[in-house]
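Sharing a structure, written as structure tokens. Questions coming.
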Amino acid sequence: MHENIKFRQLVEELVSVIPAGRVMTYGQIATICGKPRAARIVGGIAHFGNTDLPWQRVVKKDGSLASGYPGGVNGHKRVLESEGVTFHQMKIVNMQELLWRPKI
DNA sequence: CGAGTGACCGCAA
DNA sequence: ATTGCGGCCACTC
């Protein structure tokens, strides 16, 4: 059977289960949802999709933040810090530890 | 329906 | 370490 589920829905479901204080990358999400090269699309969904989801927990692969989050990178950074995420300059410290790996 | 777009990513200097 | 550029492809209108 082929996946009739839309990429967008998979992405949104995945984002919804990221625990507070943990993060996932756009590319990681795209890969898990079956489209390894659709990282930019995940960003597009972040912009146009369900705003009730914890999009603040989705970051770039290098641990920096994308521009586009309401409030800009500074607002984005503050929200993550309120969840316990620490930064060094504009990048997340301990990306490896904070990276959330969902069971597939 | 088709073209334009972008909350990315990898790689070269 | 930072900057720039090209490719990627589902989404919007």
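The model shown is predicted, which means the values in this text are computed figures rather than measured ones. Below, chains carry the letters A, B, ... as their sequence lines are ordered, and counting in each starts from 1.
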(message) A:Arg22: which residues meet the salt bridge (charged side-chain N to carboxylate O under 4.0 Å, His left out) condition with it, sequence neighbours left out?
(response) none

(message) How close do A:Trp55 and A:Val42 get, counting heavy atoms only, and between which atoms?
(response) CZ3-O, 4.4 Å

(request) Would you jot down, in residue-number order, the residues of residues 41-57 of chain A having a non-hydrogen atom under 4.0 Å from DNA chain C? (result) A:Ile41, A:Phe48

(message) Could you measure the distance from the CG atom of A:Asn50 to the CD1 atom of A:Ile45? Nearest 0.5 Å is fine.
(response) 11.5 Å

(message) So which atom in A:Pro54 and which in A:Ser16 form the shortest heavy-atom distance, rounded to 0.1 Å?
(response) CD-CA, 4.2 Å

(request) Kindly indicate whether the side chain of A:Leu80, heavy atoms from C-beta on, has any atom under 4.5 Å from the side chain of A:Val59. (result) yes

(request) Please step through side-chain contact (heavy atoms from CB on, under 4.5 Å) for the pair A:Ile18 and A:Val58, ending with a clear verdict. (result) CA-CA 9 Å; A:Ile18 306 174; A:Val58 183; 4.2 Å; yes

(message) Let's see if you get this right: which residues in residues 60-71 of chain A place a heavy atom under 4.0 Å from DNA chain B?
(response) A:Lys60, A:Lys61, A:Ala66, A:Ser67, A:Gly68, A:Tyr69, A:Pro70

(request) Might you point out which heavy atoms bring A:Arg57 and A:Gly21 nearest each other, and give the distance in Å? (result) NE-N, 4.4 Å

(request) Map A:Phe7 and A:Arg40 onto DNA chain C by nearest heavy atom, then report which one ends up closer to the 5' terminus. (result) A:Arg40

(message) Looking at A:His76 and A:Gln56, would you say the former's side chain and the latter's main chain have a donor-acceptor pair under 3.5 Å?
(response) yes

Without placing hydrogens or testing angles, list every side-chain donor-acceptor pair under 3.5 Å for residues 93-104 of chain A, not counting sequence neighbours.
from	atom 1	to	atom 2	distance (Å)
A:Arg101	NH1	A:Gln96	O	3.0
A:Arg101	NH1	A:Leu99	O	2.8

(request) To the nearest 0.5 angstrom, please state how far the NZ atom of A:Lys91 sits from the CG atom of A:Asp62. (result) 4.0 Å

(message) Using every non-hydrogen atom in the two residues, find where A:Ala39 and A:Tyr26 come nearest and quote the distance to one decimal.
(response) O-CB, 3.8 Å

(message) Under 4.0 Å from a heavy atom of chain A: give me the 5'-most and 3'-most nucleotides of DNA chain B that qualify.
(response) B:dG6 to B:dG10

(message) Any residue in residues 81-99 of chain A with a heavy atom nearer than 4.0 angstrom to DNA chain B? Just list them by number, or reply none.
(response) none

(request) Measure the shortest side-chain to side-chain distance between A:Val11 and A:Ile41 over non-hydrogen atoms and say whether it is less than 4.5 angstrom. (result) no

(request) To the nearest Å, give me how far apart NZ (A:Lys35) and P (C:dC9) are. (result) 9 Å

(request) Measure from the side-chain N and O atoms of A:Glu12 to the backbone N and O of A:Gly49, and report whether any donor-acceptor pair falls under 3.5 Å. (result) no

